[in-house]
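Side chains are part of it too, since the values below use all heavy atoms of this structure and drop only hydrogens, waters and symmetry mates. All values reported here derive from a predicted model rather than from experimental measurement. Residue numbers start from 1 in every chain, and the chains themselves are labelled A, B, ... in the order their sequence lines are given, proteins ahead of strands.
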Amino acid sequence: MSLFFKGIFLEQKKEPMLTRSTLVMRQEFEYFDCDFPDTAIDELSGEQIIELARLAEIVDESDGKMLWEKLEKANLGEGGTLIVDAIDDEPYISSQMSVGIHQPEKLSLGIELCERVLSPEKTYIAMYRHILDSNFGIPRKIGKYPVKKIGGLYPAESRVHRHLPKGKNSVIIGACAMLHLARAAEESRKMTTCFVTVAGDVVKNPRNVEVPIGTTAEKILELCGLTEEPEAIILGGSMTGRAIFEPENETVGPTTRGIIALARSYGTYSYTCIGCGRCDHACPKALSVCSMRKFAEAGKLDLLQEYDVSMCIGCGACSYVCPSRIDVAATLIKAKKQIELAKKEGTL
Amino acid sequence: MKEKLMFQNAPHVRQSESVVTMMTDVIFALLPIYFMAFFYHGARSLVLGLVGIISCSVLSLLGSFFLREKPVPDLTPIITGLIIPLLLPADIPYYTVVSACAVAIFVVKVPFGGTGSNLFNPAAVGFASVAICWPELVFRYPVTMQAVEVFGKSTVKIAQSPAYSLSLGAVPDYNILDMLLGTAPGPMGATNILVVVACGIFLIVKKAVNWITPVSFLLPYSALCMIFPRISVSPLESLCYELFSGAIIFGAFFMLTEPVTSPKRDFGKLMAGISAAVVVFLFRYYGGFEMGFASALILMNVFSPIFDAICESVLHVIRHKESISDSLKAEMKRKKEEKEKPVVRPVKKVEETEAPGIPEETEVPEEPVEIDLSEEKEEEKEAAQL
Amino acid sequence: MSYFLQFLSMMLTALFIENIIFTRALGTSWLFYLTKHPKEIFKYTLVLSGITTVSGLIGYPLRGVLHSHEMSHVIVPVMYIAVLALVYSVTYFLLKKFLPEKFEKIGQNLGTAVFNCAALGTLLVPASARLDLISTIGYGIGMSLGFGLAVIIVGYGLTRLEYCRVPKIFRGVPIALIYLGLLSLAFYGLVGHQLPT
Amino acid sequence: MKAELKECLGYIFFKNPVLVLGLVLGHLAAGDINLQNAAALSVTFLFITVPVMLFAATVGKKIPSGFNVVFYALVSAAMLFPAYYICKSFSATIFDSAGIYPALLAVSTVPIVYSSKIAEKQGVAKALFGGVCITLGFALTAAVLGAAREFLSSGSLWGFKITEAAYPAANLPFWGFILLGFMAAILNWVKDIIRKSGEKSEEESA
């Protein structure tokens, strides 16, 4: 029944990018000067670390917030847990995992600094377990922190909370942000770069790259080389990214997970819905997706609200599974925006 | 690089399986049944299948031309065209198959809007309309193991199907093995139970059809047949007789699981399966019709949205578990306070209910049907003044 | 006890198997006017069954006498219409006197609830089938409740039509008629033969 | 004269009582099995509609709204007798195949609803003209449906055998509904074509 199977099984196609080392683009680094340059790393106090994060303007790539605000506001209290988000459950994408695998000592230094600020009871690094199509073994420990394998089906983010003890609060911080924190502490370096996976069946040598924030997608694709003209270029994750038309003026931000160049694009051709009910089966939030799509196309926003379209997290599992190639997720997200618009105007 | 870039929506990775692969799986599952029909009844069964496919696809092309949409390459009419002849006897004249396909496409599919939006199962309606129109042709079956002539009058001996003798309450004179292997007379595709079950399981394994509806239909139905046997035989034997006669298993795997008209959610499919079992059981015991399965199926298609609505309300409660439990607690607290201090009951406002029946102000009852004729209203008004 | 069983069996056959709308097509134009909330429709069927049972009781002895008459095809319906008119005017004035606020609510539509094909059909069908008193009442109540059931089923079905891509020329009355036709095809499968009217 | 003809055609096509307004559906679906039934139904319809329209236009206005329904029902019941004699004239066993449907026309939606809603507000002449046009529309629809179903189900027209039966189940109520649905669709299609040709001629003229 749809209550027990949550989400869908995706082949991750992570292989060439994950095991290759991260290519760093030639760039000059910016430094900041703080008023306590000489104190050794292990005597840095909590406030000083937050000051470092603020000066280095580190942005957490898992949710786009500033790291120092998250550290300041998150009072874990006793029994809190710190989770390092290295869950890359979208196919092709492995930017967060590559940080954990290729630079473990820097990552563990960053985690240690965060521990000093938040003093959580438990910390672990979360990684997505189902990378079956590659003979890559997920390490048991990175530095001295255990790696907890988040199992289950895509989307895995919503299931992280299930591993936490009830009633205790927790903080999720991205692995790349930890790395930048470690660099800020060691060389007081600003966060000018971000980690992006360049992948796709058209890229000559797909790999993870560290590029300065703001470089255009075209330059990054040239860095990795293209075997032939792609029909579609995607900025962001393979399940939640968006297709772009002009790669030369689309820039990369800290929260962009990857750039994917595909030889053949699906376009927007789709058959008629035959009501097979697979999208209902695949929805992680157990929403009645099939009827909601019908309401969205008939323009019945009140019925959509009744069917809880606001709980849709836009994971794209329903469109992935739909045999008629209908963009169910896109319709629902568009309807969700219309409802918010209508609510603002007070029509609803 | 720029001119070739195309737009595509959010999930840029799609499942390899598409509607076409699903439909081809169903067609491949139907072919062995045709082979068995050919084995028992000769080449005429294949020609009947061919006639079914050709008439269904030609009519659906005509229909899509009539619906003024470009004909989409989908295979659903071919599946309907394959299923209908399997429910009919092998020596049925060709015009009945063509008329069944015409009803299935032109009455069930085209007026409701093409493949995705038909509210009833086209194969069931097509077969029911033929069975009602020519009962003497549809309900007498040629004896197996004799080739029926492809053209002209068939000279094969006619025999009653076990379902008919069951409806009279007599024990059919074919043992269970005969019915399993399909040597008992009956509809062309529905008698060789082993092959039908094998194809059904093939479909379920290939995920072209969900496993919940057939299982949740066959189990309660066999339970009911064991509890209320029609013939004075051991319950297990009566179960076998009931289950293997009258296209029950063929219908459970191929007609009941038609995706468009069955409920969408798995829990809804379970409810549909169980209520279909009860309705088919009642139709076969008390219905005036020997082949009650098709009309019971049409009735079940009416209730599939109701099952979906029930599922949605159950899930709505589950989704809002926390907020509902909080509001309940708040409710209890408020009631406790009310009990302590008595409150003057406010006067109940007379709520006016909208008068049933015809709204007064329309000069001519222009919209007899509640379906909104919104874009036609003005044209209707000026037609009224015409 | 056997009377109650006979009453129950007659009611169930009239309610499900020989439904008034699907097998005899009586009162179908009411179906389109009445597709409203199920609670509204239930009130309507209660009024319908109440009045038809009362007029059925009054008309039963007269029917016995008039059947022998050679023009019975016309006289029996006219007699029943007269009985309906009598019962309607009595309820009309009773309602006006004793329950005035209820009268404002359903006053004008009471006429349309009583004088429609479903009501007269509920009286005439048992008459032409020469049923005795108990089964007449049972059959009558079954038919009017079946009318309510059919209205709710078709009403729910028609709301589902909004999400189908019905072509322009089939919208409105035509698609509702085809939907009704397919539903009565299913009920015909239950009955198996054409009912005598 | 041209205006009346146009309005009369309007009643038959654009405001056909059965196919567009959905007034008297049950009787046609189940009762209209062959041409004779169609004739019986149309005659009874004529004898019911015209007098009730007349009565509504003249006396009906004065009776309070809740109570005029009784008079309409009684008038149409009274008018059943002459209709009975005419039906008996063109075939003795008409009431076996038509059953209770001609008599049921007395309380169908036309005399009860249409008269009290529309005929009361119109003048006598207009109500009479409306009544006749509606009867014409009904008779045309009933004739077409009756002929189609009789020809399909028993291959005969008005009892005279032409060919053997092509589709024996055509006289069942569910085929009545489906054929009525298709006739209404064809009517909409004709209206579309007339509207489009109308627009095209306006474009050329403009």
Which atom pairs, donor and acceptor, lie under 3.5 Å between side-chain atoms of residues 96-106 of chain B and protein residues at least two apart or in another chain?
| residue | atom | partner | partner atom | Å |
| --- | --- | --- | --- | --- |
| Thr96(B) | OG1 | Pro93(B) | O | 2.4 |
| Ser99(B) | OG | Thr96(B) | O | 3.1 |

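Counting heavy atoms from C-beta on, the side chains of Phe147(C) and Ile41(C) never come closer than 4.5 Å. No side-chain heavy atom of Val302(B) sits under 4.5 Å from any side-chain heavy atom of Tyr156(C).
Neither the backbone nor the side chain of Ile17(C) comes within less than 4.5 Å of any heavy atom in chain B. When heavy atoms are compared at a cutoff of 4.5 Å, Ile306(B) approaches chain C by way of both its backbone and its side chain. Only the side chain of Phe187(C) comes within contact range of chain B, with at least one heavy atom under 4.5 Å from a heavy atom of that chain. For a residue to count as touching a neighbouring chain, one of its non-hydrogen atoms must lie under 4.5 Å from one of that chain's; by this rule Phe112(B) touches chain C with backbone and side chain alike.
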Mind running side-chain contact (heavy atoms from CB on, under 4.5 Å) on Lys109(B) and Cys56(B) for me, showing each step along the way?
CA-CA 11 Å; Lys109(B) 270 202 164 147; Cys56(B) 261; over 6 Å; no
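Among Leu299(B), Ile298(B), Leu119(B), the residue with the largest count of heavy-atom pairs under 4.5 Å with chain C is Leu119(B). Of the listed residues (Ala309(B), Ala296(B), Ser117(B)), the greatest number of heavy-atom pairs within a distance under 4.5 Å of chain C belongs to Ser117(B). The candidate from Leu185(C), Ile178(C), Ile169(C) with the greatest count of non-hydrogen atom pairs under 4.5 Å with chain B is Leu185(C).
Closest non-hydrogen pair, Val76(C) versus Ala127(C), comes out as CG1-CB, 4.4 Å.
Listed by first and then second residue, the side chain to side chain donor-acceptor pair (under 3.5 Å) pairs involving residues 49-60 of chain C amount to none (not counting sequence neighbours).
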